[in-house]
Amino acid sequence: MKLLTEVQLLVRRIEEEHRRYGPDRSLALEALFQLLLLSVYRGLSDEPEAVPARTDRRQILVQRFQELLDQHIQAVRSVATFAAMMAVTPTHLSRTVKAVTGCTAGGIIQDRMLLEAKRQLVFSDHQIAEIAYALDFSSPSYFSRFFTARTGETPARFRRRARHAPGG
């Protein structure tokens, strides 16, 4: 429950910072995003006291999945590829991730891809096509469809809104 409170607090701080203008806004947002990722990462790796051995193994597997995801986010999107890197079957990885986190492994991969896309859109001046290729999308249009389906707005509109948010 502590993790949920911490994540909610960080999300509120990100929203507040997002409404501010100033030369340090981007730096503050990037730092808050990094803290958010770190909190989620630590939340996945924290082990409660007196946990059965089976749960320990599951937590370790999910933690390793998260580490590999962070290391290979720009090149790997397949549950099967991550499973092979971990020497488990895709089915075992998917079931374990779902049991521990409540989310599918594929969903976590997509969420992480979306977070990385948002980060690059806000904090870099790269063209959207460059970001698409850097994240290993087959085309900028596929990247745009992925982004729009998950956020409800195009990458260009998200970038404009994120950089020029109204507020004081």
Does atom [atom1] of [X] have more than 12 heavy-atom neighbours from other groups under 6.0 Å away?
X	atom1	answer
Glu30	CD	yes
Arg112	CZ	yes
His126	NE2	no

Provide the closest heavy-atom pair for [X] versus [Y] in the form atom of the first, atom of the second, distance.
X	Y	answer
Val122	Ala162	CG2-CB, 3.5 Å
Pro140	Ala132	CA-CB, 3.8 Å
Pro155	Thr148	CD-OG1, 4.1 Å

Side-chain contact, heavy-atom cut-off 4.5 Å: [X] with [Y]?
X	Y	value
Phe147	Thr154	no
Gln66	Gln63	no
Ser124	Ile131	yes

My understanding is that only residues two or more places apart in sequence, or in another chain, count here; which of them pass side chain to side chain donor-acceptor pair (under 3.5 Å) with [X]?
X	answer
Asp125	Arg163
Arg150	Gln110, Asp111
Thr104	none
Ser139	Ser141

Kindly write out the residues that satisfy side-chain contact (heavy atoms from CB on, under 4.5 Å) with [X], not counting sequence neighbours, or none if the list is empty.
X	result
Ala105	Phe65, Val79, Ser94, Val97
Phe33	Ile14, Leu115, Phe123
Ala134	Gln120
Val88	Leu61, Ala83, Met86, His92, Leu93

Please name all residues satisfying salt bridge (charged side-chain N to carboxylate O under 4.0 Å, His left out) with Arg64, sequence neighbours left out, ordered by chain then number.
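Residues passing salt bridge (charged side-chain N to carboxylate O under 4.0 Å, His left out) with Arg64: Glu67.
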Salt bridge (charged side-chain N to carboxylate O under 4.0 Å, His left out) pairs, two or more places apart, involving residues 79-92
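Applying salt bridge (charged side-chain N to carboxylate O under 4.0 Å, His left out) to every pair that reaches into residues 79-92, excluding sequence neighbours, yields nothing.
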Can you pull out every salt bridge (charged side-chain N to carboxylate O under 4.0 Å, His left out) where at least one residue sits in residues 127-148? Sequence neighbours excluded, please.
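As it turns out, there is no salt bridge (charged side-chain N to carboxylate O under 4.0 Å, His left out) pair with a partner in residues 127-148 once direct neighbours are skipped.
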As an exercise, state the distance from [atom1] of [X] to [atom2] of [Y], rounded to the nearest 0.5 Å.
X	Y	atom1	atom2	value
Glu15	Arg12	CD	CZ	8.5 Å
Leu27	Leu32	CG	CG	9.5 Å
Glu153	Arg159	CD	CZ	12.5 Å
Leu29	Lys118	CG	NZ	12.5 Å

Any carboxylate oxygen within less than 4.0 angstrom of a Lys/Arg side-chain nitrogen, looking at Glu16 and Arg13?
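The answer is no: the pair does not qualify as a salt bridge.
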Single-linkage hydrophobic cluster, 4.5 Å side-chain cutoff, [X] and [Y] together:
X	Y	value
Leu121	Tyr142	yes
Tyr133	Phe158	no
Ile108	Val11	yes

Could I get the full list of ring-ring contact (aromatic ring centres under 6.0 Å, His included) partners for Phe146, not counting sequence neighbours?
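Applying ring-ring contact (aromatic ring centres under 6.0 Å, His included) to Phe146 gives Phe137.
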